[in-house]
Number of protein chains: 2
Amino acid sequence: MLAHVPDHVHELPTPALVVEREALEGNLAAMSAALPGARLRPHVKAHKTTALAELQAGAGHLNFTCATPLEMEGMARAGLGDDLLLANEVVDDDRLSRLARLDGRVTIAVDSDATIDAAARNGIREVIIDVNVGLPRCGCDPGDAGRLADVARTRGLAVRGVMGYEGHAVGVEDRPTRVEQTATAMEALVKAHADVGGDLVSAGGTGTFDINTWATEIQAGSYLLMDAAYDKLSMPFRPALSIVATVISVSPGWAVADCGLKALGMDHGNPNVAGGTVWYCSDEHVVFSPDAEPLDVGDRVRVFPAHIDPTIAYHERMHIVDGDRVVDTYAVDLRGW
Amino acid sequence: MLAHVPDHVHELPTPALVVEREALEGNLAAMSAALPGARLRPHVKAHKTTALAELQAGAGHLNFTCATPLEMEGMARAGLGDDLLLANEVVDDDRLSRLARLDGRVTIAVDSDATIDAAARNGIREVIIDVNVGLPRCGCDPGDAGRLADVARTRGLAVRGVMGYEGHAVGVEDRPTRVEQTATAMEALVKAHADVGGDLVSAGGTGTFDINTWATEIQAGSYLLMDAAYDKLSMPFRPALSIVATVISVSPGWAVADCGLKALGMDHGNPNVAGGTVWYCSDEHVVFSPDAEPLDVGDRVRVFPAHIDPTIAYHERMHIVDGDRVVDTYAVDLRGW
């Protein structure tokens, strides 16, 4: 870890994850205006950072969504455990019994008899029925949701409602198509909800935050730092995250900066380098051709990852910056499982 | 961290990085027979784990290659600092001056006046001239190597020789082409060495370990755990690493296991799942269709990442296993920069 965090961006050891304060605060304000309080259940998997979750809580969102048991435990430990939803299935006895003992309100997604059994036998008190609304991933058949809710109640579990992620719709560029796909997905979820009961209809993501009016709460996470892929959808959120890298080698026609595969989520492809065209990445390098003026060794460049969530998971810390000033440094403290 | 590591693979919390002991030991033995002692300078970037480096030292390889300052520091701290080569350019004053103070022998790659200046002004004593032998990345023009060596010596630095990575050749499937490309690259490096002097001609990788006879030492790393991409080259090394994942959801036609984008280096594409066909990965999920029998929730599957180095960098620990038995657990202690 850093013994001392420099005061300026140009002094940060690289690669350094940086978040523009103005964009961060703008995104926070835009979302809390659109979906105030409990209308948003921010997804912490997008940033894995309790300090950012604290900002979201400060903006009025006290209920959170998590993707892993470790995220749940870290949030509770950070005092953010008012209402934590694990929007993912778990059958691990040790982890479930630890979750059952957390200082906070814990709700777990279930989509099968096996996951209900795992929750019940490990002392979990509240569950939500995870329904497949069109994305082939987790979630029960909508027609089976009512039966699963009955099974859960028989096992002594409180059923808080349904969740269903329209992940196939959130990234669709054409808005009318996105609206239509969301409607179809949510009609299935609302129908399942009628069979299940409970207060919650939990769904949605950044791409459908202002479209999904069927859900009682939206599980958006990416809005806070904004992913490049979402940036095409003309939303009121701005990209806030980039990586500062140092040029370590310059050759005629290309330059190399110290931000490679171990600093970047690569599933959406190569990052962009401001002022350059990326050729390829290797373990610790991004190789690119500068667009205009040649660079010098020691120059700094900004690298924009193609996918933010798995990028952040490689980094121990992120710096909140305002121009060249480092205004805060947060530990990425929810990494792992 | 795990309070207690289970004795059996089927009890490990997932996703869990596991290394087959037999394959690991076989790879270690095959390489130390082919390139004994100082003929191999193992690259620790491949595993970022001092416990694996200790096994390599135990097999006779006492000199190591690193890609980041943090790897250098961790290796020295672990008592593996006999002869550490940072095969990468660094201009960060703090890091270079920390490297200069390490308890061990430290050599740094330089490929420009600026990197020589950075090494000299921060107390580094020994450098190696990094030469571009055909891969567009770091490395000076071969014709400039002699001049840079003179500059380094003028600045009081000892010049240990040259290094040049034939990264464009190591993965070529057709062996005669691989041999030819290696020869061309190494002729350039040997010529540069004549201008530079020093004892070291450091080059090569797993794909050219038995081809590159020009180098005095080979910087191979992947051989120990073996990457899927190398597996096509018919080498005496076997894939040793996989990820144990738990099936958390089963639907008609597909299943979901808990090994997603934050557990996998994705730059080479999707992983393979033993006994299944992968559809896609999301943050914490791999979605796949089982090839034969349907799976049950709670079943375990093995996931084989497409690229090992950036996969390991996501994990805090790896388990050495023998069948279902966990025989050792190592911290992946060289992550970060």
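Convention: sequence-line order gives letters A, B, ...; per-chain numbering from 1.
Only the side chain of B/N132 comes within contact range of chain A, with heavy atoms under 4.5 Å apart. Proximity to chain A is absent for every atom of B/A118, based on heavy atoms less than 4.5 angstrom apart. Heavy-atom distances place the side chain of A/D111, and not its backbone, under 4.5 Å from chain B. Heavy-atom distances place both the backbone and the side chain of B/D309 under 4.5 Å from chain A.
Of the possible polar contacts, none joining the A/T115 side chain to the A/V110 backbone as a donor-acceptor pair under 3.5 Å is found. In this structure, B/R300 contributes its side chain and B/V9 its backbone to a donor-acceptor pair below 3.5 Å.
With A/R137 as reference, B/S282 is the one residue of B/S251, B/S249, B/S282 to meet the side-chain hydrogen bond (donor to acceptor under 3.5 Å, both in side chains) rule.
In this structure, A/R147 pairs ionically with A/D113, as a charged nitrogen and a carboxylate oxygen lie closer than 4.0 Å. Under a 4.0 Å N-O distance rule, the pair B/R98/B/E73 qualifies as a salt bridge.
Between chain A and the residues B/E11, B/K262, B/E89, the most heavy-atom pairs under 4.5 angstrom are made by B/K262. Between chain A and the residues B/C138, B/A255, B/G139, B/G167, the most heavy-atom pairs under 4.5 angstrom are made by B/C138. When each of A/H268, A/R335, A/H285 is checked for heavy-atom pairs under 4.5 Å with chain B, A/H285 comes out on top. Of the listed residues (A/V256, A/D296, A/D258, A/V91), the greatest number of heavy-atom pairs within a distance under 4.5 Å of chain B belongs to A/V256. Considering only heavy-atom pairs separated by less than 4.5 Å from chain B, the leading option among A/A114, A/G260, A/P136 is A/P136.
Ring geometry, A/Y314 versus B/Y314: the interplanar angle falls under 30°, so the pair is classed parallel (tilted spans 30 to 60°).
Scanning for side chain to side chain contact (heavy atoms under 4.5 Å, CB included) contacts around B/D267 gives A/L261, A/M266, B/H307, B/P310, with sequence neighbours left out.
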